[in-house]
Amino acid sequence: MTINNRLILAHLWTAFAAFGVAILLGLWQMWVRSPLAAPLSTPDNYYLSVTAHGSAMAYVLTTFFIMGFGYFVAESALKQALPAPRLAWAGFVLGIVGTVLVVATVLSGQASVMFTFYPPLSASPLFYIGLVLVVVGSWIWCALMIVAMTRWKKANPGTPVPLAMYATVANAILWLWTTVGVAAELLFVVIPAAFGWTQTVDVGLTRTLFSWTLHAIVYFWLIPAYIAFYTMAPQAAGGRLFSDLMARGSFILFLLCGLPVGLHHLFMDPEHSSGFKTVQMMLTVLVAVPTLLTVFTVTASMEIGGRLRGGKGLLGWIGALPWERPMVLATGLSFFMLWFGGFGGLINMSYGMNAMVHNTSWVSAHFHMIFGGSVVIMYFAIAYHIWPNLTGRLAPSLVLQRAQLWLWAIGMMVMSLPWHWLGLSGQVRRVAQFDYADPSISWWAPWMIMSVVGGGMLVISAGMFIWNLVSFHFERTGAAKPGPVEYARALHPGVPVPAALNGFVLWNAFVLVLMAAAYTYPIAQFFILKPPQAVVHRVDRTP
Amino acid sequence: MAVDEISAVQNERRWALAMGGVAAVMLAAIVWAGLGLHMNPPSNIETVDPNTLHVAGEFAENNLGTHVDSAGKITTRIVTTQFAFVPECVVVPQDMQVTFRLASPDVIHGLIVVGTNVNTMVVPGFVSQVHTVFDKPGDLLMPCHEFCGLGHGQMVAHVRVVPIADFRPDGDGRVTCDN
């Protein structure tokens with residue numbers, strides 16, 4: 001059982017509150033873009049809404065969920081108290097103050113720069129300071145995760161760190177590396193410009209620094225889902241983790257390959273050479289490997305569960321799985337969406353094919369399918385899985401949980417499959433309104449309406465999710481008490497784990513070498529070339 | 001379950017090798033497309049001062065649009081600015097190599113010519129250069145695809161692809177949508 005339940009619940013409820021508001025904005029945005037007449041539909045409102053939706057989903061939902069889940073894993077997997085819970089609360093408060101600053105500046109129209117805030121467009125400095133505070137709060141979490149693992153290793157010499165915690169620390173270290181780029185961009189360029197201390201910015205440099213963060217951040221979001229795949233789903237299915245060693249290897253590969261790949265977001269940019277774009281494209285291809293390894297290991301682990309439950313034949317074990325358990329169902333739905341999201345991603349990262357889809361709805365479709373679909377559905381499943389432990393109450397209704405998960409997956413397909421076609425047909429993202437009277441795009445109309453319907457399904461599913469969690473808190477405590485969360489045992493427990501797969505020193509050295517090779521020149525070139533700078537354009541002041 | 005950890009890891013390793021093979025095949029296809037089919041994104045790293053580009057030189061207003069030089073090389077120059085393309089319509093010939101050169105005096109813009117693989121960011125401080133051949137005649141939409149401010153959605157231009165017979169440069173080698 002975990003001790004700091006209030007700390008964990010505070011983080012997770014903050015995450016899901018932001019999610020609940022942001023998803024309503026998302027539906028309204030789809031409505032505005034569609035041929036249906038939407039209320040309050042002006043470009044000002046639309047760009048304000050897109051900024052709020054992106055910031056809430058990409059920064060608030062993710063960061064607070066990952067921190068809360070990390071604290072849960074640190075206590076439940078290591079079976080020890082969290083070191084310095086006061087510090088954890090301090091990190092939480094920093095994150096809340098930061099979030100309030102972001103929300104206040106966005107809602108007052110002072111920060112309609114999108115969650116990617118590309119200079120020379122510039123918002124109120126408080127927007128950026130808010131983002132910095134959220135990141136600094138998460139750095140405290142990173143430090144606490146590393147300290148928790150180090151203490152446990154000292155107290156348990158010769159025993160491998162439980163996989164769930166090993167993966168959580170991998171994510172903490174990945175996040176520390178990831179945030180270096182955006183922190184440098186904000187502190188050295190964007191914030192001084194927002195305060196008016198500098199009048200011009202080197203646009204190429206800021207894009208390059210942001211790209212450092214922009215891809216690895218998605219692995220930060222994704223790793224909790226993978227922790228659930230490896231350590232919760234096999235347990236829920238009655239199986240065993242097929243190979244603990246390979247699982248560790250996958251998380252290390254994410255740490256190594258997730259970082260030196262950000263330039264693939266800049267394929268269509270004029271400020272980088274074909275050479276460095278190609279190098280980072282090749283490293284991007286490698287990121288597919290840990291995902292494909294995970295598909296294999298997790299499928300094998302589930303197969304063990306299916307066969308132990310009497311499943312026979314080549315595929316008979318699939319039907320024998322306990323699909324009525326939300327964690328098993330969510331894993332199946334997540335894998336299904338992963339194929340679509342992964343396929344879209346392969347097109348995006350293809351050096352030449354990217355030109356067909358760059359900055360179109362295809363890209364929005366890809367990251368909604370893979371993040372909103374595959375990853376967030378696992379956030380739901382994790383919440384359902386650990387809420388009994390956090391509240392001391394059994395789930396009021398598994399039927400509603402399953403219905404919510406199904407509706408989410410179907411809604412995500414209905415909403416984002418059309419975006420793939422539309423993007424391929426040249427529909428650009430982040431545009432408030434289209435002229436459907438133009439005969440060349442009038443055929444988009446029914447597909448856009450289909451997306452609105454999908455968005456509506458997602459909103460209903462999100463409402464059910466919040467309801468499902470809230471109803472835990474009001475459930476009468478009966479005689480039956482939930483047991484503690486158990487993590488999947490390895491098929492072969494007690495296999496000696498090499499020191500390299502039980503720590504991160506070696507891998508940090510590798511990351512340093514890879515990042516130096518991938519980013520030294522692409523960043524240094526701006527100091528050698530000294531390209532002409534662009535004048536800062538404030539969005540919150542009329543010129 | 002008569003598998004021990006060693007054989008489990010061996011199975012995983014075989015799978016990893018197979019997946020490495022899949023990745024290598026994809027990589028080979030991408031490299032082949034890049035080198036063999038010249039599917040190369042804009043990567044020219046050529047700087048231009050966003051604060052003065054409209055005053056004189058290549059991106060001065062009288063030099064924008066499509067121009068055929070004495071060697072027959074066709075170049076279309078466009079300035080992307082808040083919230084319009086200058087010019088808002090350009091003419092290009094069908095089935096001939098065309099080079100787009102773009103620059104921005106203010107913020108980041110981007111463009112896609114709908115239905116083609118012409119796609120680039122326009123980053124202030126740099127010239128974006130794209131080579132292409134249009135294989136069908138017609139009026140193609142060219143929207144801005146990077147958020148550039150509140151008027152972003154209004155920023156749409158057209159590329160008019162005409163058969164070679166209808167592509168008639170004037171005495172200075174210029175072709176516009178008006179003539």
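Hydrogens, waters and symmetry mates play no part in the numbers below; they use all other heavy atoms, side chains included. No experiment lies behind these values; they were computed from the predicted model shown. First the proteins, then the strands, lettered A, B, ... as listed; each starts at 1.
- Minimum interatomic distance between A:Met268 and B:Thr120 (heavy atoms only, all atoms of both residues): O-OG1, 3.4 Å.
- Contact record, B:Ile108 with A:Tyr118: CD1-CB, 3.8 Å, taken as the closest heavy-atom pair.
- At a 4.5 Å heavy-atom cutoff, the contact between B:Val48 and chain A is made by backbone atoms alone.
- Summarising the geometry of B:Pro41 relative to A:Phe267, their closest heavy-atom pair is CB-O, 3.0 Å, with the distance given to 0.1 Å.
- Nearest heavy-atom pair, A:Gly204 versus B:Phe126, reported as atom, atom and distance to 0.1 Å: CA-CE1, 4.4 Å.
- Interface remark: B:Val127 contributes backbone atoms only to the contact with chain A (heavy atom separation under 4.5 Å).
- In this structure, the portion of B:Leu141 lying under 4.5 Å from any heavy atom of chain A is its side chain and not its backbone.
- No part of B:Ala33 comes within reach of chain A, as not one of its non-hydrogen atoms sits under 4.5 angstrom from that chain.
- Residue A:Leu286 holds its CG atom at 14.0 Å from CE of B:Met19, rounded to the nearest 0.5 Å.
- What you find for A:Asn354 and B:Asn119 is that their closest heavy atoms are O-ND2, 4.4 Å.
- Note: B:Asp49 leads B:Asp49, B:Leu102, B:Val22 in heavy-atom pairs under 4.5 Å with chain A.
- Comparing B:Glu146, B:Arg13, B:Met26 by how many heavy-atom pairs each has under 4.5 Å with chain A, the most go to B:Glu146.
- Looking at B:Ile45, both its backbone and its side chain come within 4.5 Å of chain A, counting heavy atoms on both sides.
- Residue A:His537 touches chain B through its side chain alone, counting heavy-atom pairs closer than 4.5 Å.
- Taking B:Pro124, B:Gly125, B:Gly153 one by one and counting their heavy-atom pairs under 4.5 Å with chain A, the maximum is reached by B:Pro124.
- Atoms CD and CG, on B:Glu12 and A:Leu293 in that order, are 6.5 Å from each other to the nearest 0.5 Å.
- Contact annotation for B:Gln82: only side-chain heavy atoms (C-beta onward) come within less than 4.5 Å of a heavy atom of chain A.
- We find the OG1-CE distance between B:Thr116 and A:Met356 to be 11.0 Å, quoted to the nearest 0.5 Å.
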Candidate pair B:Phe147 and A:Thr116, rule side chain to side chain contact (heavy atoms under 4.5 Å, CB included), full reasoning: CA-CA 10 Å; B:Phe147 174 70; A:Thr116 42; over 6 Å; no
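- Only the side chain of B:Ile112 comes within less than 4.5 Å of a heavy atom in chain A; its backbone stays farther off.
- Heavy atoms only, all atoms of each residue included: B:Asp106 and A:Pro120 are closest at O-CG, 3.4 Å.
- Note on ring orientation: taking the six-membered ring where Trp is involved, the planes of B:His152 and A:Tyr47 are tilted (angle from 30° to 60°).
- Heavy atoms closer than 4.5 Å to chain A are found in the side chain of B:Asn51, but not in its backbone.
- For a residue to count as touching a neighbouring chain, one of its non-hydrogen atoms must lie under 4.5 Å from one of that chain's; by this rule A:Ala432 does not touch chain B.
- Between chain A and the options B:Pro50, B:Ala18, B:Gly20, heavy-atom pairs under 4.5 Å are most frequent for B:Pro50.
- Atom CZ in A:Arg430 sits 12.0 Å away from atom NE2 in B:His145 (nearest 0.5 Å).
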From CA spacing to verdict: side chain to side chain contact (heavy atoms under 4.5 Å, CB included), A:Met353, B:Ile30: CA-CA 8 Å; A:Met353 277 194 279; B:Ile30 295 165; 5.6 Å; no
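- Contacts of A:Leu266 with chain B are absent, with no heavy-atom separation under 4.5 Å from either backbone or side chain.
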Derivation and outcome, side chain to side chain contact (heavy atoms under 4.5 Å, CB included), residues A:Glu271 and B:Met121: CA-CA 10 Å; A:Glu271 76 274 12; B:Met121 301 302 299; over 6 Å; no
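- Residue A:Asp244 touches chain B through its backbone alone, counting heavy-atom pairs closer than 4.5 Å.
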